Colleague: 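Starting off with a structure, shown below.
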Amino acid sequence: MSRRFFKRYLPSVDKVREVKALALLGDRLFHPALWHLNRRSAAGGFAAGLFCGLIPGPFQMLGAGIVAVMFRVNLPVALATTLYTNPLTIVPLYLVAYQFGAFVLGAAAGRDAPAPPDWMWSQPIASAEAYGHWMLALGAPLALGLLLLACSLALVGYVAVRMLWSAHLRRAWAARKGQRTAPGD
């Protein structure tokens with residue numbers, strides 16, 4: 001996908017600057033590196049979003065924003081990437097993280113894993129609370145697994161975006177070179 005495609009959907013710095021509530025954050029939020037779309041900033045933003053997407057609760061975008069500001073990577077990409085976790089994907093991801101942590105800690109850590117509770121649509125608050133207690137019961141294997149899975153996803157995402165961006169540039173350069181050389185010259 002081209003840079004023009006992303007620029008069409010990403011907000012401009014000027015539009016964000018118009019939001020009065022964000023003025024409290026000062027000029028750090030408006031650093032050019034947070035809004036510039038290049039290979040490094042897009043890959044870093046993607047990695048930040050993948051890493052922070054596994055933060056429990058509603059703090060994923062806040063975490064991605066903080067990481068993007070700290071490392072000066074693309075802020076909109078970081079925020080958008082956290083959306084890979086949602087109510088349908090979070091439980092399978094946490095189960096994978098638990099298995100990952102149990103594997104690293106040894107087979108004994110994963111032996112007595114409690115089953116996830118059933119979600120009751122008629123009682124969403126009670127169901128969310130039950131899921132919170134379930135995650136706390138998973139303990140050390142889950143905590144270690146989340147950290148390892150987040151680091152793994154961030155690393156793979158960073159490398160994948162860099163490689164895809166480079167491949168796109170090579171194809172674009174080859175196409176431009178082909179256009180410059182007229183047939184029969």
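When reading the values below, keep in mind they use all heavy atoms of this one structure, side chains included, and skip hydrogens, waters and symmetry mates. Throughout, numbering of the chain's residues begins at 1 and tracks the sequence. Just so we're clear, the structure is a prediction, and the values are computed from it rather than from any experiment.
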Colleague: According to ring pair (Phe, Tyr, Trp, His ring centres under 6.0 Å), who are the partners of W121, at least two apart in sequence or on a separate chain?
Modeller: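 Residues passing ring pair (Phe, Tyr, Trp, His ring centres under 6.0 Å) with W121: W119.
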Colleague: What pairs with S127 under side-chain hydrogen bond (donor to acceptor under 3.5 Å, both in side chains), at least two apart in sequence or on another chain?
Modeller: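 Per chain and number, S127 pairs via side-chain hydrogen bond (donor to acceptor under 3.5 Å, both in side chains) with no residue.
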Colleague: For the CG atom of L88 and the CG atom of L93, what is their distance to the nearest 0.5 Å?
Modeller: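 If I round to the nearest 0.5 Å, the distance is 11.0 Å.
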Colleague: Would you give the length of the straight line joining atom CZ of F46 to atom OH of Y84, rounded to the nearest 0.5 angstrom?
Modeller: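 Interatomic distance, F46 CZ to Y84 OH, rounded to 0.5 Å: 9.5 Å.
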Colleague: Answer whether the closest heavy-atom distance between the side chains of L105 and L144 falls below 4.5 Å.
Modeller: yes
Colleague: Listing request: all side-chain hydrogen bond (donor to acceptor under 3.5 Å, both in side chains) pairs with a residue in residues 46-73, at least two apart in sequence or in separate chains.
Modeller: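 Pairs touching residues 46-73 that pass the test: H31-R72, Q60-T85.
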Colleague: Would you please name every residue forming a side-chain contact (heavy atoms from CB on, under 4.5 Å) with V159, sequence neighbours left out?
Modeller: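 Listed in chain order: L155, M163.
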Colleague: Could you tell me whether D118 atom CG has more than 12 heavy atoms of other residues or ligands within 6.0 Å of it?
Modeller: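 Count not over threshold, so no.
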Colleague: Is V161 linked to F51 within one hydrophobic cluster, defined over Ile, Leu, Val, Met, Phe, Trp and Tyr using a side-chain heavy-atom separation of less than 4.5 Å?
Modeller: no
Colleague: State which residues pass side-chain hydrogen bond (donor to acceptor under 3.5 Å, both in side chains) with Y158; sequence neighbours excluded, sorted by chain then number.
Modeller: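 side-chain hydrogen bond (donor to acceptor under 3.5 Å, both in side chains) check on Y158 returns R162.
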Colleague: If only atom types and distance count, is the side chain of N74 paired as donor or acceptor with the main-chain N or O of H36 below 3.5 Å?
Modeller: yes
Colleague: Checking one residue: I55. Which other hydrophobic residues are in its cluster under the side-chain 4.5 Å linking rule?
Modeller: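 Result for I55 is F59, L62, I66, V67, M70, F71, V73.
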Colleague: Linking I/L/V/M/F/W/Y whenever their side-chain heavy atoms sit closer than 4.5 Å, directly or via other members, would V96 and L146 fall into one cluster?
Modeller: yes
Colleague: Any chain of hydrophobic side-chain contacts (each under 4.5 Å) joining L147 to L95?
Modeller: no
Colleague: So, for Y94 and L54, which heavy atoms are closest and what is the spacing to 0.1 Å?
Modeller: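 Heavy atoms of Y94 and L54 come nearest at OH-O, 3.0 Å.
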Colleague: Do L50 and L164 sit in one hydrophobic cluster, given that two such residues count as connected whenever their side-chain heavy atoms are within less than 4.5 Å of each other, even indirectly?
Modeller: no
